[in-house]
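Reckoned from all heavy atoms, side chains included, excluding hydrogens, waters and symmetry mates.
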Amino acid sequence: MKWIVCLTGDEDDLYELSKSLNTEKLTIYKEGNQYYLKSSQIRPTDEFNEVCDKVDKLIELINGTTKLSLGTRNTVSLSDIYILKDDGGRILFFSAHLSGSGGARGNYQIIRVDGTIEVCNHDNPADSVLSWIELSLKDELVNKIIKLISHDSDSWVGLYKIFEVIDKDAGIRSFASVSSENLKRFTQTANSYKAIGMEARHALDYEPPRKPMNITEARSLIYLVVREWLRLKKEN
């Protein structure tokens, strides 16, 4: 017998993930109209609660790295868990009719030091997902950042949490690919009630930058920071 884990989510995102996640440690594959998750971490002898815990952690990492690599705001979710018996019978343990959260998928942007923006589009944009997940399983801080992205990379508060963790670890202003002017605009905008109202980290009237950053620019900037930080982590 073996555990079968069914996934639901945006078809395009799952398709891209299935092209890149195809190792013994983690695989997403399609049979018929259904996508499945398979991992060497999930053993036939595991209890249902153990399987759920492992699947939840894997999906959290998948969602965080997918946001980063595909520029999507959709999420992958658990649909069904069942045991496939040796005789072909099934024992259903969990079933849910879930849909991914709303949001448009798009190519990610890189904001360069001179302020220019490059829209990135790769043949297999999810290729980085597996290496980032593997790194997160070995590095506690990377694990934390991926979880923060998975939890909230759509608000100023959420993006600032990601910023401050990486800044404390590596000193973002030393990153050659990241504009110090854009970092200043980001922090000033995030902290200024005058600039973004109720979305700001503070309610006091901190002076906004001359040109406040919008949330899309902010997300692109922080994703650039995270990718650069992950690149440095993999090199060290």
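Although no hydrogens or angles enter the test, the distance criterion places no donor-acceptor pair under 3.5 Å between the side chain of Ser192 and the main chain of Thr189. A distance-only check finds no donor-acceptor pair linking the side chain of Asn22 to the backbone of Thr27 [under 3.5 Å]. A donor-acceptor pair under 3.5 Å links the side-chain atoms of Trp3 to the main chain of Asp46, judged by distance alone. Of the possible donor and acceptor atoms, none in the side chain of Ser136 sits under 3.5 Å from a partner among the backbone N and O of Asn143. The backbone N or O of Ile62 lies less than 3.5 Å from a partner atom in the side chain of Thr65, making a donor-acceptor pair. Proximity of a side-chain donor or acceptor of Lys67 to a complementary backbone N or O of Ile149 within less than 3.5 Å is detected. A donor-acceptor pair is defined here as one N or O able to donate and one able to accept, closer than 3.5 Å; no such pair exists between the side chain of Arg185 and the backbone of Pro209. Of the possible donor and acceptor atoms, none in the side chain of Arg219 sits under 3.5 Å from a partner among the backbone N and O of Leu159. The backbone N or O of Ile146 lies less than 3.5 Å from no partner atom in the side chain of Ser150, so there is not a single donor-acceptor pair.
Sorted by first then second residue, the salt bridge (charged side-chain N to carboxylate O under 4.0 Å, His left out) pairs that include residues 191-201, not counting sequence neighbours, are Lys194-Glu207. Among residues at least two apart or in separate chains, salt bridge (charged side-chain N to carboxylate O under 4.0 Å, His left out) pairs with a member in residues 163-176 are Asp167-Arg173, Asp169-Lys233.
Glu16 and Lys19 are joined by a salt bridge, as a carboxylate oxygen and a charged side-chain nitrogen come within less than 4.0 angstrom of each other. The residues Glu60 and Lys57 are annotated as not salt-bridged, no charged nitrogen and carboxylate oxygen being separated by less than 4.0 angstrom. Ion pairing between Lys30 and Glu11 holds under the 4.0 Å rule for side-chain N and carboxylate O.
Under a cut-off of 6.0 angstrom, the local environment of CZ in Phe48 is crowded, with over 12 non-hydrogen atoms contributed by other residues, nucleotides or ligands. Taking a 6.0 Å sphere around CZ of Arg43, one finds it holds 12 or fewer heavy atoms contributed by other residues, nucleotides or ligands. Enclosure of atom CG in Asp87 by more than 12 non-hydrogen atoms of other residues, nucleotides or ligands within 6.0 angstrom is indicated.
In this structure, Ser39 and Lys54 have side chains that are not in contact, with every pair of non-hydrogen atoms separated by 4.5 Å or more. The shortest distance between side-chain heavy atoms of Val142 and Trp229 falls below 4.5 Å. At least one side-chain heavy atom of Val51 sits under 4.5 Å from a side-chain heavy atom of Val55. The closest side-chain heavy-atom distance from Val129 to Leu26 is not below 4.5 Å.
Hydrophobic clustering of Ile, Leu, Val, Met, Phe, Trp and Tyr side chains at less than 4.5 Å, counting indirect connections, keeps Met198 apart from Val157. Side-chain heavy atoms closer than 4.5 Å link hydrophobic residues (I, L, V, M, F, W, Y) into clusters, and following such links, possibly through other members, connects Leu230 to Leu137. Under the 4.5 Å side-chain heavy-atom criterion for ILVMFWY residues, a single connected hydrophobic cluster contains both Leu221 and Val165. Residue Ile42 is grouped with residue Ile83 when hydrophobic side chains (ILVMFWY) are merged at heavy-atom distances under 4.5 angstrom, including chains of intermediate members. Ile166 and Leu232 fall within the same hydrophobic cluster, defined by Ile, Leu, Val, Met, Phe, Trp and Tyr side-chain heavy atoms under 4.5 Å apart, directly or through other members.
Taking CG from Leu21 and CG from Asp127, the interatomic distance works out to 9.0 Å, rounded to the nearest 0.5 Å. Taking NZ of Lys144 as the start and NZ of Lys161 as the end, the distance is 10.0 Å to the nearest 0.5 Å. The distance from the CG atom of Leu68 to the CD1 atom of Ile222 is 11.0 Å, given to the nearest 0.5 Å. Rounding to the nearest 0.5 Å gives a distance of 9.5 Å between OG1 of Thr187 and CH2 of Trp156. To the nearest 0.5 Å, atoms CG (Asn49) and CZ (Phe93) are separated by 10.0 Å. With values rounded to the nearest 0.5 angstrom, Cys52 atom SG is found 6.5 Å from Asp56 atom CG.
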| field | Test side chain to side chain contact (heavy atoms under 4.5 Å, CB included) applied to Val5 and Leu78, step by step | value | CA-CA 7 Å; Val5 179; Leu78 174 63; 3.6 Å; yes
| message | The test is salt bridge (charged side-chain N to carboxylate O under 4.0 Å, His left out); show your working for Glu228 and Arg231 and say whether it passes. | response | CA-CA 5 Å; Glu228 177 67 10; Arg231 183 186 67 79; 2.6 Å; yes
| message | Walk me through whether Leu84 and Met1 qualify under side chain to side chain contact (heavy atoms under 4.5 Å, CB included). | response | CA-CA 5 Å; Leu84 181 63; Met1 71 173 200; over 6 Å; no
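With Asp13 as reference, Thr72 is the one residue of Thr72, Thr66, Asn63 to meet the side-chain hydrogen bond (donor to acceptor under 3.5 Å, both in side chains) rule. Exactly one residue among Ile172, Leu148, Val225 makes a side-chain contact (heavy atoms from CB on, under 4.5 Å) with Phe163. That residue is Ile172.
Under the side-chain contact (heavy atoms from CB on, under 4.5 Å) criterion, Tyr36 pairs with Ile4, Cys6, Tyr29, Glu31, Gln34, Tyr82, not counting sequence neighbours.
Scanning both residues, Ser155 and Asp152, for their nearest heavy atoms gives OG-OD2, 2.5 Å. Minimum interatomic distance between Ser153 and Ile162 (heavy atoms only, all atoms of both residues): CB-CD1, 4.5 Å.
Side-chain atoms of Ser79 and Tyr35 include no donor-acceptor pair closer than 3.5 Å.
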